[in-house]
J.: 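Structure in structure tokens, see below.
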Amino acid sequence: MEMRLAKLWRELLLATLILVPAWSQSGGRAIVVQRSEPRGFQPVYSVDEPSRAVIGLLHAPLLRIHSETQETEAVLAASWKVSPDGRTITVNLRENLRFSDGAPLTVADVLFTFAVHQDAAVASPLREVLQVGGKPLVVTAAGPRRAQFQMAEPYAAGERLLAGVAILPRHRMEAAYQQGQFRSLWGLGAKPSELAGAGPFRLKLVEPGRRMVLERNLHYWKRDKAGKPLPYLDEMEFLFTAGEDAQVARLLAGEGDLAASFGGGSYRAIESHRERRGIRLLDAGPSLDYTFLLFNLNPGGKRPWFAQTAFRQAVSAAMDRESIARLVYRGRASPIRGPVTPARLKWYAGPAAPAAEPRRLLSAAGYRWNGEGRLLDPTGAPVSFTLLVNAANPAYTQTGAIVEEDLKKIGIAVQVVPMEFRSLVDRVVNRKDYDAALMALRPGDVDPAADVNAWVSAGRTRLWNLSGQALHPWEASVDEKMRALMATRDQARRRRLFHEVQRILEQEAPMVCLVSPNLLLASRAGLENVRPGTIGDLVLWNADEWYWRRQ
Amino acid sequence: MAALLQIANLRVTYPGAVSPLAGVALEVAAGEAVGVFGPSGAGKSTLLRSIPRLLPAGTRIEGTIRFDGMELLDQPESAMRRLRGRRVAYIPQAPAEALNPVLPVETQVAEVLRVHFPMARTALRAAVMERLVRYFPENAARIARAYPHELSGGERQRVVICQVLCASPSLLLADEPTSALDSVAQLDFLRLLRQTQEQTGMSLIFVSHDRAVLRFVTTRQVSL
Amino acid sequence: MKACLVFLLAIHLLAAMAGFVTAYPPAEQHRENAWEAPGARFPLGTDGLGRDQWSRLVHGARISLCSGLAAGVLSAGLGLLLGGVAGLAGGWVDRMVTRLMELFLALPWMYLLLAARAFFPLETDARVVFTALLLLLGAIGWARPARLVRGIVMSVKERESVLAARGFGAGQWYLLRRHIVPETLPALATYLSLAIPQYVAAEVTLSFLGLGFSGSTPSWGSLVGSMGSLDVLTDAWWMGLPVVVLAVVFGCYSIVSSALAETQRQGR
Amino acid sequence: MTFLLRRLGGALVQLVAVSALAFALMELAPGDYLEDMRVNPQIPAATVARWRAEFGLDQPAIVRYGRWVRSVASGEFGVSMAYGIPVSELIAGRLGRTVALSLLALGLTWLLALPCGVWCAAYRGGWLDRLLGGGATVALALPELLVGLLVLQGALWAGWGPVSGRIGPAVAVLAAVSFPSVFRHTRSSVGQSLRLPFVDHLRAAGLSETRILFRHVLPASLNPLVSLLSLSLAGITSASLVVEVTLSWPGMGQLLLEAILARDVAVVLAAVMVAATLLQVANLIGDGLLYLADPRIRRRPA
């Protein structure tokens with residue numbers, strides 16, 4: 001009886017919604033089909049994408065980087081200001097902020113959040129990120145709604161440090177934090193009532209392995225231009241399914257409303273079903289991701305050729321990137337020559353200079369070809385090397401096959417070695433026992449700060465040379481330019497320096513960049529305002545603005 | 001006295017092989033014990049097995065086999081099945097090994113009785129015991145519950161004879177049942193067989209290459 | 001049976017002469033002809049990189065048939081040995097072997113394969129690695145046939161004829177050769193007819209688990225695996241043809257193996 | 001009673017051996033859980049080092065194993081590195097679903113394969129034999145992964161509606177992939193029993209073929225089939241991992257698959273223990289069945 005009343009009530013409500021056009025955007029549920037399930041709801045420790053996707057809807061940071069404009073945007077902050085010396089950031093909180101459980105969000109919560117992240121006992125993955133010049137940010141309250149962040153030295157991307165740090169509800173977490181049980185707090189088994197956050201949604205229901213339902217946070221601060229509270233949707237549901245094929249199949253079978261981050265093959269499969277199923281497909285163009293062929297340039301590397309710029313350039317020039325994009329990604333990828341893709345709007349240095357002919361580069365460096373067309377190095381030894389690829393991903397094994405064939409054309413014998421991912425990483429990172437490897441990276445931000453670890457000698461993830469030393473002049477040059485770039489707040493200068501670094505990396509090709517897979521998305525027609533971005537969660541970043549168009 | 005079984009012009013052809021029998025004739029009167037002898041490979045077994053039509057699928061049988069006024073070669077398989085065990089019984093070559101190793105004796109005898117005389121479970125049990133007692137006057141109860149591996153070779157042979165004859169057939173076909181036995185056991189078995197045949201008045205066709213054996217159990221011998 | 005033998009012979013001949021019966025090398029990419037349906041130029045069509053599927057099938061047969069067969073026979077041989085010993089000896093030997101079987105069935109062998117892959121130098125020929133890993137898989141797989149053999153041996157041991165032979169004073173070796181091994185043959189033949197295709201196709205599941213090991217060398221496992229995605233199933237039906245060929249070959253294997261077991265039994 | 005106790009003791013020893021060996025195997029494989037983060041430029045190396053210490057990955061293997069054993073004793077079965085919660089909590093709901101799926105598939109497989117195998121053994125070369133023999137060969141050439149995908153795709157084309165996350169399709173696929181093995185072995189085993197002398201004898205006594213097959217031949221050929229039962233359970237549980245993943249059944253499959261690749265030791269060990277225990281139970285049941293089915297073992301002459 002009660003059920004029926006509730007249904008009637010909903011019908012009535014719906015009828016009025018249709019009568020009042022200004023309200024027509026509200027209500028409904030969007031079902032997102034995900035390939036993997038969150039590992040938990042702990043905002044501090046979760047580093048995996050599926051967890052971050054859900055946590056991003058449950059919590060909110062002070063500032064964030066707008067996924068489309070790539071500029072810093074206020075979220076919980078009403079405004080922020082960087083001091084002229086670039087060492088202090090002052091953030092003013094919005095008025096009447098509340099967590100989803102109704103408790104007020106104050107500067108105390110901000111202080112608690114940063115204290116947690118900086119506590120060595122907590123072992124937050126952001127602890128080192130929230131340091132500038134080796135010293136932690138000093139966070140102080142400068143009023144009931146004002147917080148101040150002080151850095152030990154000027155740091156160009158200072159306010160970006162705050163972006164993405166979710167503000168934690170102190171009243172919910174402090175007890176566990178004091179008792180040293182912070183890590184096990186809010187695991188996958190947590191009850192929805194234990195959680196609270198300042199994001200647009202709150203947790204409603206968890207069925208491990210199957211699905212998760214979020215409902216609108218009634219205390220969410222944001223309103224649309226008409227003053228109507230966000231989010232528009234009543235509920236967001238996540239449906240977990242393993243593998244891309246199952247993801248696409250569930251979307252096509254009408255079980256879900258949206259799926260993203262699948263490959264070109266799946267795009268093609270949906271395309272051939274499209275008319276029948278009322279699904280809107282979107283190719284949002286290149287993402288920040290880049291795939292590349294990595295040379296082992298560590299000191300003591302076994303292949304002398306790799307140390308020669310001309311050799312690496314020749315390999316890069318021999319790559320048929322168009323074919324990789326067209327065949328492996330079925331046209332849903334963009335050829336690139338450097339690690340910065342066009343998706344990094346103002347930071348992208350533009351297309352690289354046309355490459356020279358690979359054979360000419362090689363013969364200029366003293367290489368020759370024997371009667372069978374095999375490439376011989378200046379000492380007369382035939383050139384051949386092995387290429388590690390991730391065996392689990394067909395896109396990489398296929399790319400490997402194309403690389404092999406392309407290099408065969410210039411006389412280089414490449415042996416593709418498929419390998420399980422962690423074994424591969426172990427070889428590349430720990431044992432440094434490999435010739436070349438096919439890898440992919442996704443920068444977390446468009447700002448050059450995101451690349452520092454990957455490109456400079458001191459960065460511990462500069463994959464081609466993990467020695468921590470600059471072995472070549474160009475490596476030293478990259479170090480120097482990146483250092484300068486991180487210290488200045490002059491945006492034009494930063495951009496110029498970053499463009500120069502890109503040119504060096506394209507020119508020297510320690511990693512031969514191949515393609516950037518496009519961001520692909522499929523949603524049910526009628527789900528409006530789904531606008532894939534480039535930073536943060538590429539699809540869910542504006543989920544609070546999604547709505548169903550009613551017929 | 002009319003012949004119980006009349007075989008004329010019998011010709012059996014196995015699929016893709018030479019025909020072991022070509023134009024055989026045999027007559028057996030009711031209550032008569034006939035021995036068939038011949039060298040191995042002469043088709044003795046084939047002759048015997050062609051009567052209840054127990055030959056491999058695809059075998060061609062031509063001629064006439066009249067049993068009790070019926071032309072067996074014209075009968076449908078269902079009719080043949082009713083006939084087998086009930087009217088025409090067959091003792092296999094190595095009776096001691098012809099029992100199912102995983103079922104108790106009682107069940108195995110009951111199975112045969114049940115097919116030909118459907119009856120209630122208790123009645124069936126009683127009927128089985130009655131027949132077992134005939135062959136094992138002293139220890140029928142033990143034998144009934146025993147599994148074949150718990151019996152001696154001689155006991156197993158008796159069980160098989162009991163099983164074969166439990167539906168009181170009018171014709172018994174025996175295919176060298178003693179060939180694997182030593183002479184003492186052979187004599188025991190043959191005695192039992194002759195005794196049973198004389199008591200029940202059924203006809204018997206006994207096949208063997210050993211004419212001494214045939215002379216012991218049969219009244220007439222034909223060569224193949 | 002005869003037709004099957006002829007067919008198998010033909011397949012093996014084709015595999016042996018792979019270079020002569022194919023127009024293109026298996027790894028050669030005709031990038032302009034990617035996803036081409038079967039036609040005059042590519043009898044079985046091309047894959048997503050424009051490689052000739054016919055050539056990949058024929059060249060793949062070489063490595064897959066050999067290593068699949070070897071892995072199957074290896075596991076069956078080990079199984080016969082250990083299962084036979086367990087069944088015959090009984091007592092603590094049997095208990096040990098049974099425990100070992102359970103151990104082998106439950107362990108996460110994937111990690112051993114990872115370790116073994118890491119053990120080979122990267123330069124090792126992909127075909128060698130492929131064969132070695134498949135053989136390793138076969139060696140690990142002894143528990144299955146062993147358990148089957150043990151069951152059969154235990155029941156054969158109780159059979160009258162065996163007891164009788166034992167009564168004659170027949171030795172263990174004689175029993176093994178004359179009674180027990182022949183009895184297990186049909187079951188082993190059946191096992192092989194199941195195991196060989198599974199070893200050949202093992203690669204599909206392994207590469208799903210991140211442990212593909214054939215690289216750009218064509219193998220039947222990788223051919224079967226390449227049809228397993230929605231777009232291929234939608235667009236390129238001919239990628240399923242290798243499965244048909246596989247099924248026919250394995251069917252023939254199965255018929256021949258059971259026929260062989262049969263003749264072995266009758267010839268006894 | 002003593003028999004059961006001894007059996008339990010043996011099982012315990014076995015489980016310890018399985019866990020130790022599984023642990024050792026995982027040690028052999030290159031890389032650890034944190035490898036993924038080592039190539040992530042967004043995670044500083046110092047963080048990785050700190051997490052390594054926190055997870056105890058910097059300790060020698062024997063210490064980590066000891067820690068895990070203690071954790072088992074407390075009922076936690078270790079803590080998952082990926083999820084940060086005890087494994088017992090993590091697998092609680094999913095284990096039941098995987099076991100349910102496996103048992104249903106096992107039941108369905110045997111329910112179908114046993115009669116089919118018996119029938120085809122009796123009518124070798126008949127149409128059913130040819131059909132099932134051919135079908136089984138095709139099923140063998142298609143690994144469970146592909147069968148799952150084909151079902152997904154087929155359902156899409158035919159418009160059967162959703163197949164993901166439902167138990168029916170998952171059971172059907174699992175049964176389909178395990179059918180050939182049970183079918184073929186039944187057929188071969190029954191085929192062998194059909195040659196035993198008692199079959200001919202019963203036929204001559206007028207029993208119908210069906211009666212002979214199912215009442216007499218089948219019990220006589222149970223011995224090797226009982227061995228097959230626990231094997232098919234082992235096969236089905238391992239195949240169910242992949243089928244669960246392709247058809248999105250929320251059991252242990254996805255969890256374990258990710259754990260295997262991520263070297264999330266505690267989760268893998270828990271799954272291995274579950275598999276070993278299931279096998280033990282299956283073997284116990286198998287031995288019991290054998291005892292019941294074969295009087296030659298049950299009633300040995302003294």
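Every chain is numbered from 1 and lettered A, B, ... according to where its sequence line falls, protein lines coming before strand lines.
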J.: Is A:S124 in contact with chain D via its backbone, its side chain, both, or neither, using a 4.5 Å heavy-atom distance?
T.: backbone

J.: Sort A:V425 into side chain, backbone, both or neither according to what part of it lies under 4.5 angstrom from a heavy atom of chain D.
T.: both

J.: Looking at D:R97 and A:E207, is any side-chain nitrogen of the basic one under 4.0 Å from a carboxylate oxygen of the acidic one?
T.: no

J.: Enumerate by number any residue of residues 445-454 of chain A whose heavy atoms lie under 4.5 Å from heavy atoms of chain D; in the absence of such residues, state 'none'.
T.: A:A450, A:N453, A:A454

J.: Going by an N to O cut-off under 4.0 Å, is there a salt bridge joining D:E35 and A:R427?
T.: no

J.: Evaluate whether atom CD1 of D:I62 has more than 12 neighbouring non-hydrogen atoms of other residues, nucleotides or ligands under 6.0 angstrom away.
T.: no

J.: Starting at CD1 of D:I260, measure out to CZ of A:R422 and round the result to the nearest 0.5 Å.
T.: 12.5 Å

J.: Quick one: pull up CG in D:N40 and CG in A:L441 and give me the separation to the nearest 0.5 Å.
T.: 8.0 Å

J.: Applying side chain to side chain contact (heavy atoms under 4.5 Å, CB included) to A:Q42 and D:Y83, what does each step give before you reach the verdict?
T.: CA-CA 10 Å; A:Q42 168 57 277; D:Y83 289 81; over 6 Å; no

J.: Just by distance, do the side chain of D:Q42 and the backbone of A:R442 share a donor-acceptor pair under 3.5 Å?
T.: yes

J.: Give the member of D:G148, D:P86, D:A82 that has the highest number of heavy-atom pairs under 4.5 Å with chain A.
T.: D:A82

J.: Between D:I43 and A:V47, is a side chain to side chain contact (heavy atoms under 4.5 Å, CB included) present by the stated rule, with each step listed?
T.: CA-CA 9 Å; D:I43 301 179; A:V47 288; 4.1 Å; yes

J.: Does any heavy atom of chain D fall under 4.5 Å from the side chain of A:R462, the backbone, both, or neither of them?
T.: neither

J.: If you take all heavy atoms of A:S36 and D:Q254, which pair is closest and at what distance?
T.: OG-NE2, 4.5 Å

J.: Which one wins on heavy-atom pair count under 4.5 Å against chain A: D:G31, D:G93, D:P250, D:A53?
T.: D:P250

J.: Testing the basics here: between A:D245 and D:L149, what is the closest heavy-atom pair and its distance to 0.1 Å?
T.: CB-CD2, 3.6 Å

J.: Taking C-beta and beyond as the side chain, do A:L188 and D:I85 meet within less than 4.5 Å on heavy atoms?
T.: yes

J.: Do the charged groups of A:R35 and D:E258 touch, with an N to O distance under 4.0 Å?
T.: no

J.: Please state whether the side chain, the backbone, both or neither of D:R38 comes within less than 4.5 Å of a heavy atom of chain A.
T.: both

J.: Show the nearest heavy-atom pair for residues D:P30 and A:D426, with the distance to one decimal.
T.: CB-OD2, 3.3 Å

